[in-house]
Amino acid sequence: MEFTASQIANFINGRIIGDEHALITGVSPIESGETGHLSFVAQQRFAEHIDESKCSVLIVSEKLLSEKSYRPTIIAVEDAYLAFQVLMNLYQEMQGRKSGIEDGAVFHESATVGENVYVGAFTCVSEKVKIGDGSQIYPQVFIGKNVKIGKNCVLYSGVRIYDYCVIGDNCIVHSNTVIGSDGFGFQPTKDGFQKIPQLGNVILEDNVEIGSNCCIDRGTIGSTVIGKGTKIDNLIQIAHNVKIGEHNVIAAQTGIAGSTVIGDWNQIGGQVGIVGHIKIGNQVKVQAQSGVNSSTKDGEILYGSPAINASDYRRNYVHFRNFADIVKRINTLETNSKDKTNE
């Protein structure tokens with residue numbers, strides 16, 4: 001597709017500085033731009049690339065611009081990052097959506113499918129499944145019995161949805177994620193660990209996105225719940241009966257143990273471990289590689305393992321890095337003190 005700078009500016013209500021007829025045929029990162037490509041600059045640390053970039057057109061936040069002239073054509077907007085996001089959404093919509101059932105897809109006769117649904121080849125749709133209007137089910141997806149999938153969902157290839165799970169509207173689940181696998185429940189006996197049946201399900205509320213290769217376990221009884229608007233990165237384990245509230249973001253390789261309750265609008269960094277049966281408040285930030293082993297209050301910022309207040313952790317870490325020298329100094333002071341006592 002080809003667009004002019006003027007057309008792009010009209011999409012995002014931008015102000016053009018330069019050639020409004022400059023042609024755009026693709027997009028590039030600002031650091032590796034190409035002639036005919038579009039990129040954006042939203043932060044001061046990238047402002048030096050405005051003149052250096054080989055891109056023909058740049059979307060730039062107004063606050064980063066001066067009165068000087070620029071080599072590329074500039075589309076000035078209030079927030080370049082948000083403007084570029086608008087363009088990406090428009091482009092995705094222009095690609096169109098698939099519809100229809102491909103050869104090789106297997107449907108149980110009791111399954112029901114809404115309008116404008118796409119189901120790819122070798123997908124298995126089990127008994128009493130319900131798929132809402134406009135949903136896109138890519139090839140080689142397994143959907144267990146009595147699963148409910150809402151409207152305008154996307155399940156990418158290799159997703160597995162176990163029996164009785166519920167997926168709300170506008171959810172996205174990326175490849176090879178498993179939703180509804182058994183929780184890690186075993187009872188120790190004299191003969192070994194006896195499996196406890198996992199009879200619950202998983203509920204994804206509306207507008208949830210789950211990355212690739214995640215495992216979300218079904219409740220032992222009751223539901224494991226992911227609240228609306230929550231976004232989960234790749235390679236994340238969520239154990240049975242966890243309750244995650246609304247609009248959380250959870251980065252890769254995080255593990256959340258069973259029956260933990262997480263509030264709303266939290267930010268959880270990569271490789272965080274959270275023990276079971278605790279409560280995380282609202283608007284909590286947990287730094288990467290932290291280990292949370294106790295409940296938190298609203299608005300806390302945590303770091304370390306066991307996680308403590310992030311500011312306290314950073315101050316303490318300065319001393320920890322110098323711990324050997326501190327011990328040496330203490331030993332020297334003790335020795336000198338003993339020598340003076342013996343004089």
Side-chain angles (χ1 to χ4, degrees), residues 106-112 122-132 137 140-150 153 155-156 158-168 171 173-206 208-228 230 232 234-245 248 250 253-263 268 272-280 292-293 295:
V106 178
F107 277 82
H108 192 275
E109 60 184 10
S110 62
T112 58
F122 307 110
T123 282
C124 177
V125 180
S126 303
E127 61 186 283
K128 297 182 181 179
V129 167
K130 295 181 179 180
I131 301 175
I137 314 297
Q140 298 183 346
V141 169
F142 170 79
I143 304 174
K145 66 182 181 181
N146 290 95
V147 167
K148 295 180 181 179
I149 297 172
C153 292
L155 306 184
Y156 286 103
V159 167
R160 273 53 177 147
I161 312 292
Y162 282 37
D163 298 351
Y164 298 99
C165 291
V166 178
I167 298 177
C171 291
V173 183
H174 289 275
S175 291
N176 301 321
T177 279
V178 178
I179 295 177
S181 49
D182 280 359
F184 194 61
F186 298 91
Q187 176 66 36
T189 71
K190 62 182 180 61
D191 298 318
F193 289 92
Q194 182 177 343
K195 184 176 180 63
I196 299 171
Q198 305 293 295
L199 304 178
N201 71 343
V202 172
I203 298 173
L204 306 187
E205 295 182 352
D206 296 346
V208 168
E209 182 163 353
I210 310 293
S212 295
N213 297 301
C214 296
C215 297
I216 304 177
D217 293 344
R218 67 198 308 108
T220 304
I221 54 176
S223 301
T224 301
V225 179
I226 312 298
K228 72 178 183 180
T230 287
I232 293 176
N234 306 322
L235 296 165
I236 285 175
Q237 159 67 19
I238 297 174
H240 55 191
N241 294 102
V242 167
K243 303 286 191 286
I244 297 178
N248 294 278
I250 304 175
Q253 298 183 351
T254 287
I256 303 172
S259 298
T260 283
V261 177
I262 296 176
I268 298 174
V272 166
I274 301 177
V275 303
H277 300 273
I278 64 172
K279 292 184 178 181
I280 306 296
V292 183
N293 66 354
S295 296

Nearest atoms (heavy-atom pairs only) where Asn241 meets Ile221: ND2-O, 2.8 Å

Whether Arg218 side chain and Asp163 backbone form a donor-acceptor pair below 3.5 Å: yes

Sidechain-backbone polar pair: Asn293 side chain, Ile274 backbone, donor-acceptor under 3.5 Å: no

Minimum heavy-atom distance Ser126-Ala111, with the two atoms named: O-CB, 3.8 Å

Charged N-O contact under 4.0 Å between Asp182 and Lys195: yes

Sidechain-backbone polar pair: Thr254 side chain, Gly273 backbone, donor-acceptor under 3.5 Å: no

Minimum heavy-atom distance Thr220-His240, with the two atoms named: OG1-ND1, 3.0 Å

Heavy-atom donor-acceptor pair, Glu205 side chain to Ile203 backbone, under 3.5 Å: no

Expected output: side-chain Asp206 to main-chain Gly168 donor-acceptor under 3.5 Å: no

Ser223 side chain vs Val225 backbone, donor-acceptor pair below 3.5 Å: no

Test item: Asn248 side-chain N/O and Ile262 main-chain N/O as donor-acceptor pair under 3.5 Å: no

Side-chain (Asn234) to main-chain (Gly211) donor-acceptor, under 3.5 angstrom: no

ring-ring contact (aromatic ring centres under 6.0 Å, His included) partners for Tyr162, two or more places apart: none

Smallest separation among heavy atoms of Cys165 and Gly180, with atom names: SG-CA, 3.8 Å

Where Gly144 and Val129 come nearest, the two heavy atoms and their spacing: O-CG2, 3.1 Å

Any side-chain donor near an acceptor of the partner, Ser181 and Asp217, under 3.5 Å: yes

Flag, side chain of Thr230 to backbone of Gly245, donor-acceptor distance under 3.5 Å: yes

Polar side-chain atom of Ser259 near backbone of Gly276 as donor-acceptor pair, under 3.5 Å: no

Heavy-atom pair of closest approach, residues Ile179 and Thr177: CG1-CG2, 3.9 Å

